[in-house]
Amino acid sequence: MDKLTVRDIDVAQKQVLVRVDFNVPHDEAGNITNDKRIREALPTINYLLDQQAKVILVSHMGRPKGKIVEELRLDQVAQRLEELLGKPVVKVNDTIGAEVESAVAALESGQVLMLENVRFYKEETDNDPQFAKKLADLADVFVNDAFGTAHRAHASTEGVAHYLPSAAGFLIEKEIEALSKAIHQPEHPVVAVIGGAKVSTKIKLLWNLLDIADVICIGGAMANNFILATGRQVGCSLVEKEYVDEALAIQKEAKKKGVKFMVPTGFLIGNSLEMDCNWGELGIDDIDETDRMELRKEPIYIQDIGWRAMESYKEEISQAKTVIWNGPMGRFENWKFERGTKRMAEAMGENTEALTIVGGGETAAAVEKFGLQDKMSHVSTGGGACLEFLEGKELPGIVVLNNKQ
Ligand code: ADP
Ligand code: MG
């Protein structure tokens, strides 16, 4: 990575403002249901503490839209961090202002202070320069370790870096190294496995992958667009009809570039989207235009890729040197339709020679559900940030950090 990291700067006895992504899932009472994001930030925080820095943490949680929302205060987060660090964490009830300034002044080397939810100020998402300056005034150095929000140019992710020496934390370093290897210097063959709910959110990714991948395997609801593009039917399945032409254009471009573009020829289908639906497998030519299964006169909802697609995608994955996966192959939340997604995860886990990259919120959740996260080279912590990076975009929260000399 060409950006400074925490290792490159002298932080001893300094006040270090660290942007973390503690936007953890929680229930209505505010109890944390998954603390993965807090644990992901520990290497950077522990390193800074070992270096005798004064650590000031800033994060957002949820979407309070510039107002104080009691359930979105970060007290429980600070408490969980305290347990994980095995060290006291001082929590203040504001993000800037007098209370914060005196807490910062009282902070000693090797201590941690947690600021209040930064999105209680609308200046945060506005990237207001004065607000960013106030955050910067709390510290001598800025460290960004919030990969999950690095695609947003907000005051605490981007604005603040204009006023302080700025470096990346270990989580951002890890993410950028894995993701850039996959898209900028991948070992070939590169196999991309792309699925998910909406083709519209993955169109830019597909275009970018045409210049990177040797093989693109399509699954999820977006496969339906490619089926419609060949003049076939998809019954009642989820589809964004307005993207059919673009699906055709992508496929044409793939052919021109010599990218093997694979679309399923069969699907696991259900007669509804309910958990207890009747289900089975159909070839694409068996789905007729009446939206009905010929024999049973029932609606057709495509919910997973068929076994032929599973087998051929697995074969491609097993030969790959790099695998980039974004988007589940089916509605894996229902066990009846988890198989396609699970087979992809297993095939990636078995190919220990390849760099295997998993991106996307639900895709990562699926890999965790199958207990295969440790078999992957890298499971990204950033849904939107990872997607934008794989699309070839620069992330504002990273661009703004100081370059290595
Ligand atoms: P990610 O968060 O990994 O980027 P997406 O948000 O694009 O993935 O899509 C995830 C969702 O796609 C999952 O919740 C899954 O249920 C849904 N999905 C996958 N295949 C289908 C399908 N054939 N029909 C409807 N939904 C699907
Ligand atoms: Mg998603």
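We count ligands from 1, going down the list as the structure has it; atoms in each ligand are counted the same way.
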| task | Would you check whether K198 reaches within less than 4.0 Å of ligand 1, judged by its heavy atoms? | result | no
| Nearest protein heavy atom with distance in Å, relative to atom 2 (O) of ligand 1 | E362 OE1, 2.6 Å
| request: Give the residue, atom name and distance (to 0.1 Å) of the protein heavy atom nearest atom 27 (C) of ligand 1. | output: R331 CG, 3.4 Å
| remark: Answer key: the N, O or S atom of E362 nearest to the Mg ion (ligand 2) is OE1
| task | Name the option, out of A197, A223, A366, G340, that contains the heavy atom nearest to atom 12 (O) of ligand 1. | result | A197
| Ion pair present between K257 and D211, side-chain N to carboxylate O less than 4.0 angstrom? | yes
| field | Nearest non-hydrogen partners of H188 and I212, listed with the distance | value | CE1-O, 3.4 Å
| said: When you compare ligand 1 with F332, is there at least one nitrogen or oxygen pair between them that comes in under 3.5 angstrom? | reply: no
| task | Note the single closest protein heavy atom to atom 7 (O) of ligand 1, along with its residue, its atom name and the distance in Å. | result | K202 NZ, 2.8 Å
| query | Charged N to carboxylate O under 4.0 angstrom, K260 versus E316? | reply | yes
| query | Evaluating non-hydrogen atoms only, which member of P328, G220, G330 is closest to atom 18 (N) of ligand 1? | reply | G330
| Judging by distance only, is a nitrogen or oxygen of E333 under 3.5 angstrom from one on ligand 1? | yes
| request: Please find out if less than 6.0 Å separates the ring center of Y163 from that of F142. | output: no
| field | Reported CD1-to-CE distance for the pair I227 and M222, which is rounded to 0.5 angstrom | value | 13.0 Å
| remark: Near N326 (heavy-atom distance under 4.0 Å), the atoms of ligand 1 are 4 (O)
| said: Within the 4.0 Å heavy-atom shell around G361, which atoms of ligand 1 are there? | reply: 1 (P), 2 (O), 3 (O)
| field | Close N or O approach (G195, ligand 1; < 3.5 Å) | value | no
| Charged N to carboxylate O under 4.0 angstrom, E281 versus R339? | no
| Per-atom contacts of ligand 1 with G360, taking only distances under 4.0 Å to non-hydrogen atoms | 1 (P), 2 (O), 3 (O), 4 (O)
| So which of E391, E246, E253 actually passes side-chain hydrogen bond (donor to acceptor under 3.5 Å, both in side chains) with W207? | E246
| request: List for me each residue that meets salt bridge (Lys or Arg N to Asp or Glu O under 4.0 Å) alongside K314, sequence neighbours excluded, and say none if there are none. | output: E311
| request: Indicate yes or no: does E124 engage R19 in a salt bridge with an N to O separation below 4.0 Å. | output: yes
| Where ligand 1 meets L238 - atom numbers and elements under 4.0 angstrom, heavy-atom basis | 25 (C)
| query | Can you check salt bridge (charged side-chain N to carboxylate O under 4.0 Å, His left out) on D2 and K404, steps first, answer last? | reply | CA-CA 6 Å; D2 56 357; K404 281 192 171 133; over 6 Å; no
| query | Which option out of V367, L205, D304, T363 puts a heavy atom nearest to atom 3 (O) of ligand 1? | reply | T363
| note | Nearest non-hydrogen protein atom to atom 23 (N) of ligand 1, with distance, is I302 O, 3.2 Å
